[in-house]
Amino acid sequence: MSKALPKRSENYSEWYNEIVKRADLAENSAVRGCMVIKPYGFAIWEKMQRALDDMFKATGHQNAYFPLFVPKSFLEKEEEHAEGFAKECAVVTHYRLKSDGSGGLEVDPNAKLEEELIVRPTSETVIWNAYKGWIQSWRDLPILVNQWCNVVRWEMRTRLFLRTAEFLWQEGHTAHATEEEAVSETHQMLGVYAEFAEDWMSMPVVQGIKTPSERFAGAVETFCIEAMMQDGKALQAGTSHFLGQNFARSFDVQFVNKENQLEYAWATSWGLSTRMMGALVMAHSDDNGLVLPPKLAPIQVVIIPIYRSPEDLATISEKIGPIIGELKAQGIAVKYDDSDNQRSGWKFAEYELRGVPVRLGIGMRDLENGTVEVARRDTLTKESRAVDFEKPEEFVLGIKLLLDEIQENIYNKALRFREDNTFLVDTWDEFKEQIEKGGFLMAHWDGTAETEAKIKEETKATIRCIPLISDEMAGKCVYSGKDSPKRVLFARAY
RNA sequence: CGGGGCGUAGCACAGCCUGGUAGUGCGCACGGUUUGGGACCGUGAGGCCGCAAGUUCGAAUCUUGCCGCCCCGACCA
């Protein structure tokens with residue numbers, strides 16, 4: 001195995017694949033299109049889950065679990081929804097195998113299911129089928145439920161984390177008595193996603209509305225957060241849908257309102273997936289490997305002893321005991337790597353590859369001088385810091401502040417990158433030229449699906465969203481020259 | 001589903017054209033010298049050469065079929 005990663009600037013997609021594998025996040029499995037998430041990668045996902053789950057709970061949601069299998073008849077009920085997902089469904093047709101007589105197994109033709117089961121690509125239908133039994137009165141509302149699970153979408157072409165046939169996610173499904181409340185829920189959860197992306201992943205996002213062509217199948221309105229990757233492409237990082245009464249109608253979920261009239265319930269759904277792992281890699285990492293925001297790093301501080309003899313190691317291990325204790329007391333995830341099968345230089349490179357935000361190097365010289373070498377992953381700089389090995393509180397406080405600083409620094413770096421690569425574009429020639437260079441293009445659009453499709457056909461750029469926050473004035477469509485109320489965000493996307 | 005590439009040790013690959021003892025590097029095990037940015041020396045273990053059929057005295061190598069994976073496109077989060 002070669003030591004150096006492919007260069008980000010030379011082959012971005014190979015660079016991405018190599019980081020995912022070499023940083024031990026995930027690998028391709030024997031099953032086509034499905035990945036194995038390795039312990040280190042899963043530890044990051046668990047941190048994401050924890051952060052999001054806490055935010056869901058804080059906004060009044062509860063977790064539940066619904067079946068993996070969706071009867072075909074359920075999926076059929078909402079027409080647009082059915083049409084949207086039909087092309088990518090895995091279908092269970094039998095419930096038994098039998099011996100084929102030569103040591104193998106074959107599907108038992110006598111065990112055909114009366115009704116095929118779809119492996120869920122999303123759970124609106126099963127959940128709304130269940131909600132029918134939960135909702136009678138306005139007093140039963142709202143229902144604010146989330147589930148953490150896997151889903152299957154049979155993709156033609158897959159990439160680790162970014163697009164896999166099976167992936168992990170959370171899907172929130174809420175039911176409300178009024179349209180206003182459901183709309184407000186949709187916005188609230190979009191806000192939660194944006195906050196998660198920015199505060200935890202240090203990844204700035206644009207919040208916006210999807211155009212009808214990019215809308216979730218069955219939704220009235222789809223909201224999204226879009227992030228810019230380091231190659232200038234956009235990545236949809238989370239979606240929140242206002243479903244109107246579409247699913248309530250399809251599954252006949254009516255309730256009695258305060259005026260004693262029957263009314264269909266209002267719905268939302270929102271999801272965020274392991275795709276975020278891919279976003280995390282592509283937002284911050286460099287040619288030395290992964291760069292993790294401290295808040296999501298499974299190991300926030302790694303301590304590497306530098307020694308010659310076992311006696312030196314024993315001395316160092318004893319001396320740094322209080323530092324490790326104080327780091328843990330401050331809630332910092334610390335790893336002391338005293339393994340003797342690799343040398344310190346190897347460990348430096350390895351923890352850099354894995355994106356550990358802060359590395360402490362301690363050798364005999366440090367013990368004499370009362371110092372520790374502090375290296376930060378985001379800037380690849382290092383400095384010698386004074387420490388009282390007996391009373392390390394002050395030193396550890398400094399490390400804690402450093403972690404905060406790194407969290408903020410990589411956010412600012414990503415934000416600056418996005419700003420430097422976001423362009424106001426007013427002519428079609430400019431558009432065509434700039435899209436080749438990458439980045440976000442803010443341009444006027446006449447609001448028609450025809451223009452949107454033409455632009456996609458000619459440039460592969462899609463409207464990522466109509467940004468919610470915008471002080472743009474009206475103008476003329478960059479393609480058709482017709483009137484446009486405001487600029488929309490164009491980009492090539494993952 | 002089209003176009004390209006690849007299946008040989010845990011990993012990365014050579015060998016195949018021109019059939020004849022299965023190799024190299026990394027990793028692994030043991031021993032020694034080392035240790036402030038991916039150490040070195042020695043010894044050793046590890047292979048149904050993707051699967052199947054065929055040609056041949058003999059197949060990793062030639063022929064046919066199958067399977068799988070990766071990359072690039074169309075579809076999608």
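Below, chain A is the first sequence line, B the second, and so on; all start at residue 1.
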>> Does anything in residues 283-292 of chain A come within less than 4.0 Å of RNA chain B? Heavy atoms only, and list the residues if so.
In response: none
Distance-only criterion, 3.5 Å: show the donor-acceptor pairs between side-chain atoms of residues 343-350 of chain A and protein atoms not counting sequence neighbours.
residue	atom	partner	partner atom	Å
A:K347	NZ	A:D337	O	3.1
A:K347	NZ	A:S339	O	2.7
A:E350	OE2	A:R354	NE	3.3

> Between the main-chain N or O of A:A165 and the side-chain N or O of A:R153, is there a donor-acceptor pair closer than 3.5 Å?
Replying inline: no
> Partner of B:C66 by Watson-Crick or G-U wobble geometry, both contacts under 3.5 Å, or none?
Replying inline: B:G50
Restricting to nitrogen or oxygen on both sides, can you table the protein-nucleotides 65-69 of chain B pairs closer than 3.5 Å?
residue	atom	partner	partner atom	Å
B:C69	OP1	A:R32	N	3.3

> Using a heavy-atom distance cut-off of less than 4.0 Å, which residues of residues 303-319 of chain A contact RNA chain B?
Replying inline: A:I306, A:Y307, A:R308
> Taking the nucleotide of RNA chain B with the closest heavy atom to each, which residue, A:R359 or A:R464, is nearer the 5' end?
Replying inline: A:R359
>> If we ignore hydrogens and angles and just use 3.5 Å, is the side chain of A:R120 paired with the main-chain N or O of A:V70 as donor and acceptor?
In response: no
>> With a 6.0 Å cut-off on the ring centroids, do A:W270 and A:F56 count as close?
In response: yes
>> Once side-chain hydrogen bond (donor to acceptor under 3.5 Å, both in side chains) is applied, what residue pairs with a partner in residues 360-370 of chain A remain, sequence neighbours excluded?
In response: A:D366-A:T371
> Would you say A:E155's side chain and A:T164's backbone share a donor-acceptor pair under 3.5 angstrom?
Replying inline: no
> What residues form a side-chain hydrogen bond (donor to acceptor under 3.5 Å, both in side chains) with A:E14, not counting sequence neighbours?
Replying inline: A:N11
> Which is true for A:S13 with a 4.0 Å heavy-atom rule: it touches a base, it touches only sugar-phosphate, or it touches nothing?
Replying inline: sugar-phosphate
>> Quick check on contacts: within residues 202-232 of chain A, what sits under 4.0 Å from RNA chain B by heavy-atom distance?
In response: none
>> Whether the A:W148 and A:D53 side chains hold a donor-acceptor pair (N or O, under 3.5 Å, no angle test) is what I'd like checked.
In response: yes
>> For A:E198, give me all partners under side-chain hydrogen bond (donor to acceptor under 3.5 Å, both in side chains), at least two apart in sequence or on another chain.
In response: none
> Is there a Watson-Crick or G-U wobble partner for B:A29 with both distances under 3.5 Å, and if so, which one is it?
Replying inline: B:U43
>> I'd like to know if the side chain of A:K210 reaches the main chain of A:R464, judged simply by a donor and an acceptor atom lying under 3.5 Å from each other, with no hydrogens or angles considered.
In response: yes
>> What residues from residues 337-350 of chain A pass a heavy-atom cutoff of under 4.0 Å to RNA chain B?
In response: A:R343, A:S344, A:G345, A:W346, A:F348, A:A349, A:E350
> Does a distance-only test, which skips hydrogens and angles, find a donor-acceptor pair under 3.5 Å between the side chain of A:K382 and the base of B:G36?
Replying inline: no
> Does the gap between the ring centers of A:F216 and A:H81 come in under 6.0 Å?
Replying inline: yes
Cut-off 3.5 Å, no hydrogens considered: what does the side-chain donor-acceptor table look like for residues 274-283 of chain A, sequence neighbours left out?
residue	atom	partner	partner atom	Å
A:T274	OG1	A:L168	N	3.4
A:T274	OG1	A:L168	O	3.3
A:R275	NE	A:L162	O	3.0
A:R275	NH1	A:Q236	O	3.3
A:R275	NH2	A:Y494	O	3.2

>> Does anything in residues 37-49 of chain A form a side-chain hydrogen bond (donor to acceptor under 3.5 Å, both in side chains)? List the pairs, not counting sequence neighbours.
In response: A:D24-A:K38
> Roughly how many Å is it from NE2 in A:H81 to P in B:A77, rounded to a whole number?
Replying inline: 12 Å
> With A:Y411, which residues qualify under side-chain hydrogen bond (donor to acceptor under 3.5 Å, both in side chains), at least two apart?
Replying inline: none
> Around A:E318, counting heavy atoms of other residues, nucleotides and ligands shown, do more than 12 lie under 6.0 Å from its CD?
Replying inline: no
